[in-house]
Novice: 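The structure's right below; bear with me while I get my questions together.
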Protein chains: 2
Amino acid sequence: MSEFIFKEQANTSLREKVTNDLREAILNGDLAPGARIKEMDIAEQMKVSRGPIREAIRQLEREGLLVSYPYKETVVADLGASEVQHILNPIRFHIEWYVVRTYLNLMDDDFFAKLQAIVDDMHASVAGGEKNRLVDLDLLFHHSILELATERTVMLTWQSIVNQIRLHFAKNLPFFDHDHMASDHQALLDAFRSKELERIQAAIVAHLGSDENLLCFSR
Amino acid sequence: MSEFIFKEQANTSLREKVTNDLREAILNGDLAPGARIKEMDIAEQMKVSRGPIREAIRQLEREGLLVSYPYKETVVADLGASEVQHILNPIRFHIEWYVVRTYLNLMDDDFFAKLQAIVDDMHASVAGGEKNRLVDLDLLFHHSILELATERTVMLTWQSIVNQIRLHFAKNLPFFDHDHMASDHQALLDAFRSKELERIQAAIVAHLGSDENLLCFSR
DNA sequence: CAAATAAATATTGTTGACAATATTCAAAAT
DNA sequence: ATTTTGAATATTGTCAACAATATTTATTTG
């Protein structure tokens with residue numbers, strides 16, 4: 001057989017689509033924090049049975065987007081800014097810094113080009129006022145970095161926090177300096193290109209570490 | 001109505017019991033890393049239908065104990081020691097250090113007594129050769145600390161890694177110095193009692209931070 | 001005999017019905 | 001009027017049957 005002409009057809013189960021759609025609705029704000037999730041409602045709107053819905057709920061619960069009270073109800077989670085600042089962002093920082101310093105040698109021209117394309121798109125999004133796209137690109141940038149790692153735990157941990165970060169963005173995006181968001185990632189990329197660990201660390205700290213919660217790692 | 005005489009009856013769904021039993025089996029080693037999980041097998045052994053089993057699988061997947069390949073199979077996850085060292089333990093460190101420095105004022109005599117009882121039990125477990133109990137007590141010690149925090153994210157993050165830590169323990173316990181495990185926690189507790197932040201930080205670093213991955217935080 | 005094809009089996013994915021639990025609302029009692 | 005009780009309703013939890021997909025085995029074909 002000829003090989004690798006076509007990309008493998010994604011075998012997405014209904015459950016997976018439901019999970020994605022539900023997550024999207026939460027991050028959109030269509031389902032605001034505190035909103036109750038009624039299985040039957042969702043099932044009817046999506047024209048599927050409750051089975052896949054329930055499985056999706058279990059998954060989103062573990063992603064921190066839903067909170068479920070047995071035999072009672074499940075509601076959309078709320079998230080304080082301080083939790084992002086003191087807990088989630090430091091974890092992001094830690095993982096990313098680990099991956100970067102461990103897999104720096106895997107960063108080649110192709111990789112840099114890919115990141116540069118994302119940053120360029122970010123600038124375009126800012127200019128065009130496409131705020132949601134800006135968030136997607138921001139997280140895609142970081143996702144691309146984490147893809148360098150082979151450890152399953154890296155992606156697993158990322159997935160356990162990334163959607164809470166998205167929720168935070170959705171809530172607070174209006175208060176962010178969008179220009180700064182784009183140029184910040186350019187600075188990160190430039191630091192990667194230099195391959196100087198200290199400069200890279202400083203860039204990541206500047207990007208993720210707030211002044212209130214300064215982190216310094218050695219090695 | 002009279003009040004607070006009886007403890008609230010735990011309303012555990014079947015799904016929850018299944019989740020706990022499955023998790024237990026994995027951590028016991030009854031289901032070793034790589035072992036395939038056949039829904040029907042489990043369902044028949046537990047005498048329940050596949051519904052709750054599938055929901056439990058989704059949950060344990062997000063806890064990092066199972067890996068699921070759609071339409072194919074789900075297997076018990078494997079975990080490298082380096083992932084614990086470089087990713088999970090640093091996250092533990094971060095959360096615990098955040099909670100301790102933030103909620104230090106909540107540590108009262110009752111709290112210390114509770115931790116002391118756990119440490120005493122640890123020593124007893126070492127003497128009695130009850131290794132699994134030692135692990136439980138170790139993690140209970142840290143869980144008790146995290147309970148000081150009110151942020152939902154703290155427990156959520158802990159839950160997303162604690163069972164992987166347990167899996168790591170189950171795999172490597174024979175190579176640990178059990179005496180040292182117990183006395184290490186006594187040192188932590190003594191540091192808490194002193195309420196000196198620098199001493200506490202040093203104790204946590206000594207406990208969780210390896211020399212290869214030294215962490216230092218300010219504030 | 002080796003490779004391709006097709007039938008048979010095993011396993012996961014989905015559904016709709018039924019059971020258990022919680023909530024709401026109206027009637028009764030104090 | 002307030003509380004208590006109990007029926008009615010809504011919602012979540014569980015199940016067993018059916019559908020879709022993957023794997024294995026047997027069969028054919030060159």
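Both backbone and side-chain heavy atoms feed into the values below; hydrogens, waters and symmetry mates do not. So you know, we letter chains A, B, ... as the sequences are listed, proteins then strands, and number each from 1.
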Novice: So K171(A) and D78(A), salt bridge (charged side-chain N to carboxylate O under 4.0 Å, His left out) or not? Walk me through it.
Specialist: CA-CA 10 Å; K171(A) 210 173 172 180; D78(A) 200 1; 2.8 Å; yes
Novice: For the pair H142(A) and H185(A), name the ring-plane relationship: parallel under 30°, tilted 30 to 60°, perpendicular over 60°.
Specialist: perpendicular
Novice: Quick one: do R36(B) and D41(B) make a salt bridge, cutoff under 4.0 Å?
Specialist: no
Novice: The test is side-chain hydrogen bond (donor to acceptor under 3.5 Å, both in side chains); show your working for R58(B) and S68(B) and say whether it passes.
Specialist: CA-CA 8 Å; R58(B) 295 290 88 75; S68(B) 186; 3.2 Å; yes
Novice: Under 3.5 Å, is there a donor-acceptor pair linking the side chains of Y98(B) and E151(B)?
Specialist: yes
Novice: Quick one, give me the B/S/- string for nucleotides 8-15 of chain D, reading 5' to 3', where B means a protein heavy atom under 4.0 Å from the base and S means that only happens at the primed atoms, P, OP1 or OP2.
Specialist: ---SBBBB
